[in-house]
Amino acid sequence: MTVTEEINALKKEKDAVILAHYYANPEIQDIADYVGDSFYLSRTAVGLKNQTIVFCGVSFMGESAKILNPEKTVLMPDLSADCPMAHMADIETIRRMREQYEDLAVVCYINSTAELKQHSDVCVTSANAVKIVKALPNRNIFFIPDKNLARYVAEQVPEKHFIFHNGYCPVHEEMQLHELENAKAEHPDALVLSHPECSKAVLARSDYIGSTSGIIRYASENGHDEFIVCTETGVRWKLEKDNPGKRFYFTKTEPVCRDMKLNTLEKILHVLKTGENAVEVDAELARTSKKPLDRMLALAK
Ligand code: 13P
Ligand code: SF4
């Protein structure tokens, strides 16, 4: 049997389902039951009937799936796959902001640990942040941790007062403007599609800004046939699969999230066989950090 055949057989035997983020390796997206952005994956995880979820993403994703489904087993192919941004905010700063501002909503990008979520009022992803911030009754918004997504949301919601944190995604932040300019010079007819985690300079040169699923949808629906994509290269698989006649370019230094790439078919097979790498969240932490996640799911409807 091939690795894929073994995985499929074990999935049936163990009543398991595979969820994968668009940044996972192509062969994983190919065999996954559900592939999507972080909002789609957390929403999907809630409605599943299967007892076991194999989550091919990074730790905040597996952790959120477990918090939202405490009765289920959530397995991660590699428990060390982590998102550095998830650790960039701190509880002490949240406490200080709450003392300083009345009417404060702490808006927590889902790319954060459960401990940070626990001290927040609502979670957001890049797919729903604008909608959710607009819907909040609060005027003062402390947006943690991503400064780039926060600035992008603040521009869309000028009626609110934003307090920014200084977190960032190293993969998106390190994309160089001169490399984007070179790609534009090489492909002058291409539209630039960017994730809001990119720097201000890159976003200023973009034709469309959105989550990974937003970028994929835009490329499919738009009449252009050439795009420069400013996000992690994992999205290429879906972009090319859905749009065989279109061309997708990345900056010369291709943005790669090494943590997402820690997920492999062999590791999926291993956790399905052994039940190792189950995500565990302390019961009280799970209960309190579920509230902002539930609020996100309700407000994003
Ligand atoms: P999406 O919410 O667009 O899936 O982005 C997740 C992420 O980690 C981006 O770096
Ligand atoms: Fe985190 Fe950036 Fe990787 Fe997304 S791409 S998981 S934000 S390090």
Side-chain angles (χ1 to χ4, degrees), residues 19-25 28-29 32 34-45 55-65 76-89 107-113 116-117 122-133 143-153 165-175 193-199 202-203 206 208-219 229-239 250-251 253-263 293 296-297 300:
L19 270 59
H21 190 268
Y22 285 129
Y23 295 163
N25 289 309
I28 292 180
Q29 296 189 48
Y34 300 92
V35 185
D37 69 2
S38 46
F39 176 52
Y40 168 84
L41 293 173
S42 39
R43 207 181 43 185
T44 301
F55 210 119
C56 303
V58 288
S59 56
F60 76 81
M61 296 181 176
E63 191 176 63
S64 298
M76 294 202 66
D78 191 321
L79 280 178
S80 72
D82 200 1
C83 169
M85 178 156 57
H87 306 273
M88 286 185 184
V107 175
C108 181
Y109 192 20
I110 197 167
N111 300 36
S112 294
T113 60
L116 290 164
K117 290 185 174 96
V122 66
C123 288
V124 294
T125 75
S126 55
N128 58 37
V130 171
K131 183 175 182 181
I132 289 178
V133 169
F143 196 110
I144 60 166
D146 187 9
K147 60 180 180 182
N148 292 316
L149 176 62
R151 191 193 52 251
Y152 169 72
V153 176
H165 194 263
N166 55 9
Y168 60 91
C169 159
V171 178
H172 288 82
E173 175 81 0
E174 281 163 20
M175 292 183 60
L193 316 180
S194 299
H195 196 281
E197 287 176 12
C198 292
S199 68
V202 167
L203 293 187
S206 303
Y208 171 81
I209 299 167
S211 71
T212 49
S213 55
I215 288 173
I216 290 163
R217 198 177 325 113
Y218 186 91
V229 182
C230 296
T231 191
E232 213 272 354
T233 56
V235 297
R236 193 202 309 263
W237 183 84
K238 177 76 172 155
L239 286 167
F250 288 77
T251 48
T253 312
E254 294 206 343
V256 174
C257 177
R258 267 179 266 128
D259 286 274
M260 286 282 187
K261 295 330 191 215
L262 289 172
N263 295 289
L293 282 168
M296 171 185 82
L297 295 177

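Remember, it's 1-based here, ligands and their atoms both numbered in the order they're listed.
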Under 4.0 Å to a heavy atom of [X] - the qualifying atoms of ligand 1, by number:
{"X": "H195", "value": "1 (P), 3 (O), 5 (O), 9 (C)"}
{"X": "N111", "value": "7 (C), 8 (O)"}
{"X": "S211", "value": "3 (O)"}

Problem - ligand 2-proximal atoms of N111, by part, heavy-atom distance under 4.0 Å - result: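 The side chain, only.
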
Exercise for the section: Quick one: look at E232 and ligand 2, take heavy-atom pairs under 4.0 Å, and tell me if it's side chain, backbone, both or neither. Expected result: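 Within the 4.0 Å criterion, E232 makes no contact with ligand 2.
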
Taking all non-hydrogen atoms of both residues, which atom of [X] and which atom of [Y] are closest, and how far apart?
{"X": "S211", "Y": "S126", "value": "CB-OG, 3.2 Å"}
{"X": "A300", "Y": "K131", "value": "O-NZ, 3.2 Å"}
{"X": "S38", "Y": "M61", "value": "CB-CE, 4.0 Å"}

So which bit of [X] gets within less than 4.0 Å of ligand 1, heavy atoms only: side chain, backbone, both or neither?
{"X": "F39", "value": "neither"}
{"X": "H21", "value": "side chain"}
{"X": "V58", "value": "neither"}

Exercise for the section: Determine whether D259 and C83 make a side-chain contact, defined as any pair of heavy atoms from C-beta on separated by less than 4.5 Å. Expected result: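 A side-chain contact is absent here, since even the closest heavy-atom pair is not under 4.5 Å.
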
Handout entry: N-O pairing of E254 and R236 below 4.0 Å
Key =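 A salt bridge is present here (some side-chain N lies under 4.0 Å from a carboxylate O).
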
Practice task
Run the salt-bridge test on E197 and K147 with the 4.0 Å N-O cut-off and return the result as yes or no.
Solution key: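 No salt bridge links E197 with K147.
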
Practice task
Check whether any N, O or S atom of C257 sits under 2.8 Å from atom 1 (Fe) of ligand 2.
Solution key: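 No.
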
Quick check for you: to the nearest 0.5 Å, what is the distance between [X] atom [atom1] and [Y] atom [atom2]?
{"X": "L203", "Y": "H195", "atom1": "CG", "atom2": "NE2", "answer": "10.0 Å"}
{"X": "I144", "Y": "Y109", "atom1": "CD1", "atom2": "OH", "answer": "13.0 Å"}
{"X": "C108", "Y": "F60", "atom1": "SG", "atom2": "CZ", "answer": "10.0 Å"}
{"X": "M85", "Y": "E173", "atom1": "CE", "atom2": "CD", "answer": "10.0 Å"}

Problem - Option of least heavy-atom distance to atom 8 (S) of ligand 2 (set: P84, S59, P145) - result: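 Comparing heavy atoms across P84, S59, P145, the nearest one to atom 8 (S) of ligand 2 lies in P84.
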
N/O separation below 3.5 Å, [X] to ligand 1:
{"X": "D37", "value": "no"}
{"X": "T212", "value": "yes"}
{"X": "E197", "value": "yes"}

For ligand 1, is [X] a contact, meaning one of its heavy atoms is under 4.0 Å away?
{"X": "S126", "value": "yes"}
{"X": "H172", "value": "yes"}
{"X": "Y23", "value": "yes"}

Practice task
Using modelled atom types only, decide if a donor and an acceptor are shared between the side chain of E232 and the backbone of C257 within a distance under 3.5 Å.
Solution key: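 Flag set: sc E232 to bb C257 pair under 3.5 Å.
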
Problem - Whether over 12 other heavy atoms sit under 6.0 Å from Y152 OH - result: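 Yes, OH of Y152 has more than 12 neighbouring heavy atoms, counting only those of other groups under 6.0 Å.
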
Practice task
Using a strict 4.0 Å cut-off to heavy atoms of M85, name the atoms of ligand 2 that fall inside it.
Solution key: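 In order of number, 7 (S).
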
Could you find the nearest protein heavy atom to [atom] and give me its residue, atom name and distance?
{"atom": "atom 2 (Fe) of ligand 2", "value": "C169 SG, 2.3 Å"}
{"atom": "atom 4 (Fe) of ligand 2", "value": "Y23 CE1, 3.9 Å"}
{"atom": "atom 2 (O) of ligand 1", "value": "S38 OG, 2.5 Å"}
{"atom": "atom 1 (Fe) of ligand 2", "value": "C83 SG, 2.3 Å"}

Handout entry: Ring geometry between Y208 and Y218 (parallel below 30°, tilted from 30 to 60°, perpendicular above 60°)
Key =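 If you compare the ring of Y218 with that of Y208, the planes turn out parallel.
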
